[in-house]
Amino acid sequence: MGPLLRAAVLSVALLALAAVGGEAHSASDFLNIFKPRNEHDYFHNANQGQEEDVMPRASDQQNLITAPVSSTGLMNVPPRSAPTAVAQDTVVLPVDNAAGFPGAWSMISENAGVSAMHMVIMHSDKAIMFDTVTTGPSLLRLPKGNCRLDLRSKEVGAQDCAAHAVEFDYATNGVRALKILTDVWCSSGALDAEGNLVQTGGYFEGEKVVRYLSPCGNCDWREFPGSLAEGRWYGTQQILPDGRSIVLGGRRAFSYEFVPAEGQSNAQANPLQILRDTTDDVENNLYPFVHLLPDGTLFIFANDRSILFDPRNGQVVRELPVLPGGGRNYPASGMSALLPLDLRRGDVLSPEVIVCGGAPKNAFKLGEANTFNAALKDCARINPLKPGARWATDQMPVPRTMGDLLVLPTGDLLMLNGAAKGCSGWGFGRQPVLSPLLYTPRLKRGSRFRALAPTTIPRMYHASSAVLPDATVIVAGSNTNSAYNFSGVDFQTEVRVERFTPPYLSPELAANRPVIDVGTVPGDGMAYGAKFTLQFSTPGQAVVQDDVKVTLYAPPFTTHGYSMNQRLLVLSVTTFTADGQRHTVTVDAPGKPELAPPGYYMLYVIAKGVPSKAAWVKVHK
């Protein structure tokens with residue numbers, strides 16, 4: 001692996017600080033994690049005990065700047081070096097073929113232009129992917145005459161003509177460069193009630209910015225600096241029942257605040273003690289896991305502790321038991337999701353949260369010394385609304401940190417990406433786990449995991465993934481380097497975009513895949529508590545009501561192994577009629593926004609375990 005700097009990020013931060021007239025502080029300032037944030041506040045990073053600047057190596061940077069550009073702004077991917085011994089030290093599990101088709105991988109695009117550190121699927125059927133301005137030039141250029149002002153350059157008025165965000169058409173592989181003005185590095189986001197991306201925080205000049213992106217063919221970012229009261233770097237954003245977003249945490253931000261209306265700003269944030277209490281010497285509580293529960297409270301998990309929090313009055317309702325074993329949030333970087341809410345049970349809901357993987361709390365410190373210990377292997381569930389709630393623990397087939405955890409349309413979960421050793425950070429992970437796992441919540445402990453077909457591309461730090469409307473999974477990103485590097489490193493920057501086809505879309509099962517008649521989907525959306533009727537057909541054979549399930553999926557904002565705002569609801573079927581292979585189904589919409597905050601959802605019809613392609617449905621009052 002090529003050398004990475006123990007103080008990699010420090011050099012850029014000091015350069016930026018000099019550009020704004022700041023002064024360098026002593027090294028001890030970095031070790032006091034409770035001090036106020038400052039511009040040169042970066043993690044130390046290490047690899048092989050050698051050092052290099054966070055800025056791209058001159059040869060790399062020059063090559064990317066001068067490379068030929070296509071009419072779309074894309075450049076060719078530079079030649080990749082042969083994989084190193086470290087890169088070839090991967091984990092591939094024996095594929096479990098006993099249950100049938102184990103899934104399959106295919107390539108969507110060899111070059112999306114930008115490495116997808118962050119990803120979200122819009123109801124325009126496009127993926128928004130972006131990284132950070134800190135890593136230098138990408139493989140996509142902004143349109144001529146539309147460069148951004150480089151706020152960190154020593155040269156006054158210097159411009160950055162690289163695109164750091166892209167609208168990616170996963171049906172055609174088309175790309176459209178988007179113009180980010182401020183740094184979105186390690187930021188957060190959510191989709192609002194109208195389907196706009198509301199995006200918060202980031203680094204340096206971007207830490208207090210709120211950004212908006214609407215789903216239209218020529219829309220671009222709208223940015224509002226100074227909107228947030230505190231900087232949100234590695235913060236989490238959650239949409240609430242009233243359609244607002246709450247954002248909490250981030251580096252040295254032991255607080256929460258509500259995202260203000262567009263163009264407005266917050267005067268102050270509100271303290272949240274659990275964020276201070278769970279901060280250790282490497283933090284391990286960044287990107288806290290947050291899940292909206294059916295009673296309107298929030299489950300908040302940081303490091304190894306969790307609480308029930310009521311955002312309506314700012315009160316902690318309950319402290320929940322510690323989850324022992326190690327750290328679960330960034331940089332330990334475990335995974336978490338809210339298990340599907342089955343509305344067929346009526347008002348008797350038992351919401352469960354799952355937390356899987358992570359790393360020992362000292363993993364980042366060991367990484368600084370070039371030691372990479374095993375990630376965590378456990379997977380724990382809890383019903384936070386149950387009196388006397390306790391964690392119930394299971395074991396994964398392999399340890400995993402930096403993985404993604406997606407809820408599939410059927411209600412099963414998919415674990416993918418990540419590593420078996422180390423933790424998050426530039427060069428801090430080892431042994432990429434190439435095998436996805438299917439997790440079936442309804443099965444007994446010890447039998448819930450199934451190893452699926454492996455990929456051939458390591459997806460490590462800064463990778464992302466998302467469920468698509470066609471019920472497949474898009475997988476992109478991975479950049480463990482401080483720049484776009486395609487040679488001389490263990491894990492090369494990834495601009496390739498893959499598709500994973502889950503087992504439920506095997507050729508045999510897909511032969512009778514249900515097809516929603518989109519013309520019958522009510523154009524005025526789905527009102528809370530109302531009846532909702534649509535028609536679908538099955539091409540192979542008719543089905544009966546017991547074969548059918550209808551689900552609603554909220555597309556999340558995914559970054560750093562956590563899919564914010566992800567939720568799946570199983571709707572109650574009230575009437576079902578069949579006319580040959582054409583079927584009419586009526587379901588009850590969610591009764592309140594605490595179950596499904598307002599916004600656009602993917603609606604799937606599941607017939608005999610096979611999901612249709614989704615219809616986009618707006619859930620509203």
Side-chain angles (χ1 to χ4, degrees), residues 33-34 36-37 118 184-192 198-203 206-211 227-260 265-280 283-293 296-320 327-334 336-338 353 355 384 556-567 594 597:
I33 53 179
F34 293 101
R37 293 172 54 86
H118 314 78
V184 291
W185 190 11
C186 304
S187 52
S188 49
L191 295 169
D192 70 10
V198 182
Q199 210 272 320
T200 52
Y203 177 69
E207 66 174 4
K208 295 183 180 181
V209 176
V210 177
R211 307 171 192 86
S227 293
L228 300 175
E230 285 211 59
R232 303 292 171 183
W233 191 29
Y234 301 91
T236 295
Q237 186 175 332
Q238 171 67 49
I239 191 168
L240 299 174
D242 62 6
R244 295 183 300 165
S245 281
I246 187 173
V247 58
L248 61 157
R251 293 216 66 199
R252 302 186 185 176
F254 312 111
S255 64
Y256 71 93
E257 55 189 296
F258 300 99
V259 178
S265 60
N266 291 337
Q268 62 182 25
N270 308 286
L272 189 60
Q273 189 62 36
I274 188 175
L275 298 176
R276 187 174 291 274
D277 292 344
T278 55
T279 300
D280 56 28
E283 294 173 274
N284 275 324
N285 66 351
L286 303 177
Y287 280 128
F289 302 141
V290 181
H291 302 291
L292 173 66
L293 301 179
T297 59
L298 297 177
F299 172 86
I300 300 175
F301 187 102
N303 199 331
D304 60 0
R305 290 178 49 188
S306 54
I307 60 171
L308 278 185
F309 176 76
D310 193 333
R312 294 162 293 199
N313 56 26
Q315 298 300 307
V316 175
V317 178
R318 181 188 308 166
E319 293 188 8
L320 296 162
R328 311 290 175 164
N329 299 92
Y330 185 94
S333 293
S336 180
L338 177 68
V353 171
V355 176
F557 178 92
T558 298
T559 187
H560 290 75
Y562 178 47
S563 293
M564 305 175 194
N565 303 287
Q566 179 177 222
R567 65 200 298 115
E594 287 79 7

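The figures here come from the full heavy-atom set of this structure, side chains too, leaving out hydrogens, waters and symmetry mates.
Across W233 and W185, no two heavy atoms sit closer than the pair CD1-O, 3.2 Å. Taking each heavy atom of A253 and G231 in turn, the nearest pair found is CB-O, 3.5 Å. Across all non-hydrogen atoms, the minimal contact from A332 to R328 is CB-N, 4.0 Å. Annotation for A190 and S245: closest pair CB-OG, 3.9 Å, computed over non-hydrogen atoms. Minimum heavy-atom separation, F258 to L240: CE2-CD1, 3.6 Å.
Using a 4.5 Å heavy-atom threshold, the side chains of F301 and V353 count as separate. Looking only at side-chain heavy atoms (C-beta outward), T297 and R312 come within less than 4.5 Å of each other. Between N284 and D304 there is no side-chain heavy-atom pair separated by less than 4.5 Å. Within the 4.5 Å cutoff, no side-chain heavy atoms of R276 are placed close to those of P271. The closest side-chain heavy-atom distance from I300 to S306 is not below 4.5 Å.
Ring centroids of Y287 and Y562 are separated by 6.0 Å or more, keeping the two rings apart.
Distance CG/L338 to CG/L293: 6.5 Å, rounded to 0.5 Å. Distance check: L308 CG to H291 NE2 gives 12.0 Å after rounding to the nearest 0.5 Å. How far OH of Y203 is from SG of C186: 11.0 Å, rounded to the nearest 0.5 Å. Atom NZ of residue K208 and atom OG of residue S227 lie 11.0 Å apart, to the nearest 0.5 angstrom. Rounded to the nearest 0.5 angstrom, H560 NE2 and N329 CG are separated by 12.5 Å. With rounding to the nearest 0.5 angstrom, the CZ atom of F254 is 11.0 Å from the CG atom of L272.
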Verdict with supporting geometry, E230 and N266, side chain to side chain contact (heavy atoms under 4.5 Å, CB included) | CA-CA 9 Å; E230 285 211 59; N266 291 337; over 6 Å; no
Residue pair T236, F289: steps toward the side chain to side chain contact (heavy atoms under 4.5 Å, CB included) verdict = CA-CA 7 Å; T236 295; F289 302 141; over 6 Å; no
Evaluation steps, side chain to side chain contact (heavy atoms under 4.5 Å, CB included), between I239 and L292 | CA-CA 8 Å; I239 191 168; L292 173 66; 5.9 Å; no
Show the numbers, then the answer: is there a side chain to side chain contact (heavy atoms under 4.5 Å, CB included) between V210 and T200?
-> CA-CA 5 Å; V210 177; T200 52; 4.1 Å; yes
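A donor-acceptor pair under 3.5 Å is formed between the side chain of R318 and the backbone N or O of P384. At distances below 3.5 Å, at least one donor-acceptor pair connects side-chain atoms of N285 with backbone N or O atoms of L275. Between the H118 side chain and the S187 main chain, a donor and an acceptor come within less than 3.5 Å of each other. In this structure a side-chain-to-backbone donor-acceptor pair under 3.5 Å is present from Q237 to V198. Formation of a donor-acceptor pair under 3.5 Å by the R211 side chain with backbone atoms of G201 is found in this model.
Using a 4.0 Å cut-off between charged side-chain N and carboxylate O, R232 and E257 make a salt bridge.
The list of salt bridge (charged side-chain N to carboxylate O under 4.0 Å, His left out) pairs with a residue in residues 236-249, not counting sequence neighbours, reads D242-R244.
Remark: of the listed residues V247, T558, T559, T559 is the sole one forming a side chain to side chain contact (heavy atoms under 4.5 Å, CB included) with M564. When the options N565, I246, L248 are evaluated for a side chain to side chain contact (heavy atoms under 4.5 Å, CB included) with V290, the one that passes is L248.
By the neighbour-count criterion of 12 heavy atoms within 6.0 Å, atom CD of E319 is sparsely surrounded, having that number or fewer from other residues, nucleotides or ligands.
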